[in-house]
S.K.: 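Sharing a structure here in structure tokens format.
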Amino acid sequence: MLSSDQLLQILSECSGDEQALAQGDDILDREFEVLGYDSLVLLETSAQLKHRYDIDIPEDVIRDLKTPRAVLEYVNVPASRN
């Protein structure tokens with residue numbers, strides 16, 4: 001199970017923005033676009049999730065997930081993958 005802290009750490013590293021970690025759970029429901037995370041950050045985040053945790057999020061899916069919470073729900077709730 002992927003924690004919010006683990007996801008926020010990866011997002012911070014992929015974006016080069018350590019503010020993500022400082023905001024903690026307050027960031028979970030903000031849209032990636034509002035946070036300034038573009039598609040490249042999301043693709044790199046997906047690649048890091050695969051590399052570190054063997055969590056596979058297809059490119060077309062990661063682009064449709066709009067918030068960090070949506071990513072967490074996708075990877076932690078199997079029913080959301082259908």
Side-chain angles (χ1 to χ4, degrees):
M1 182 166 201
L2 184 70
S3 73
S4 60
D5 289 340
Q6 291 169 315
L7 176 60
L8 295 178
Q9 178 68 41
I10 292 172
L11 282 168
S12 175
E13 291 170 9
C14 292
S15 67
D17 178 17
E18 293 185 23
Q19 294 282 352
L21 292 176
Q23 295 179 47
D25 287 343
D26 291 343
I27 198 173
L28 293 179
D29 293 314
R30 294 188 190 164
E31 291 193 6
F32 290 122
E33 185 176 302
V34 172
L35 295 169
Y37 298 163
D38 61 15
S39 61
L40 293 176
V41 170
L42 298 181
L43 291 174
E44 180 60 24
T45 297
S46 177
Q48 287 300 316
L49 288 170
K50 177 68 174 168
H51 175 74
R52 295 180 193 189
Y53 304 108
D54 200 31
I55 296 172
D56 187 27
I57 305 177
E59 286 184 28
D60 59 323
V61 172
I62 193 73
R63 289 184 180 134
D64 290 339
L65 300 173
K66 302 297 183 198
T67 65
R69 186 176 310 279
V71 173
L72 288 171
E73 289 173 356
Y74 179 84
V75 300
N76 290 330
V77 181
S80 68
R81 296 181 189 179
N82 297 329

S.K.: Report yes if some heavy atom in the side chain of Arg63 is under 4.5 Å from a heavy atom in the side chain of Leu42; otherwise report no.
M.R.: no

S.K.: To the nearest 0.5 angstrom, please state how far the CD atom of Gln9 sits from the CD atom of Gln48.
M.R.: 10.5 Å

S.K.: For the CD atom of Glu73 and the CG atom of Leu28, what is their distance to the nearest 0.5 Å?
M.R.: 9.5 Å

S.K.: Can you tell me how far CD of Glu44 sits from OG of Ser39, rounded to the nearest 0.5 angstrom?
M.R.: 12.0 Å

S.K.: Keeping Asn76 on the side-chain end and Met1 on the backbone end, is there a donor-acceptor pair under 3.5 Å?
M.R.: no

S.K.: I need the Leu35 CG to Lys66 NZ distance, nearest 0.5 Å.
M.R.: 13.0 Å

S.K.: May I ask you to test the Tyr74-Asp64 pair for a side-chain heavy-atom distance under 4.5 Å?
M.R.: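 Contact flag for Tyr74/Asp64 side chains = no.
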
S.K.: Has the side chain of Thr67 got a donor or acceptor atom that lies under 3.5 Å from a matching backbone atom of Glu31?
M.R.: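 It does not hold such a pair.
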
S.K.: Can a salt bridge be assigned to the pair Asp56 and Lys50 using a cut-off of 4.0 Å between side-chain N and carboxylate O?
M.R.: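 No salt bridge links Asp56 with Lys50.
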
S.K.: Indicate yes or no: at least one non-hydrogen side-chain atom of Ser4 is less than 4.5 angstrom from one of Leu72.
M.R.: yes

S.K.: Would you find a donor on one side and an acceptor on the other, under 3.5 Å apart, between the side chain of Glu13 and the backbone of Ile10?
M.R.: no

S.K.: Examine distances only and state if a side-chain atom of Ser46 and a backbone atom of Ile62 form a donor-acceptor pair shorter than 3.5 Å.
M.R.: no

S.K.: Hey, which of Val41, Asp38, Thr45 is the one that makes side chain to side chain contact (heavy atoms under 4.5 Å, CB included) with Ser15?
M.R.: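 The option that passes is Val41.
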
S.K.: Looking at CD1 of Ile27 and CG of Leu8, how far apart are the two atoms once the value is rounded to the nearest 0.5 Å?
M.R.: 6.0 Å

S.K.: Out of curiosity, Leu49 CG to Leu7 CG, how far, rounded to the nearest 0.5 Å?
M.R.: 6.5 Å

S.K.: Do Tyr37 and Cys14 have side chains that get closer than 4.5 Å, going by heavy atoms?
M.R.: no

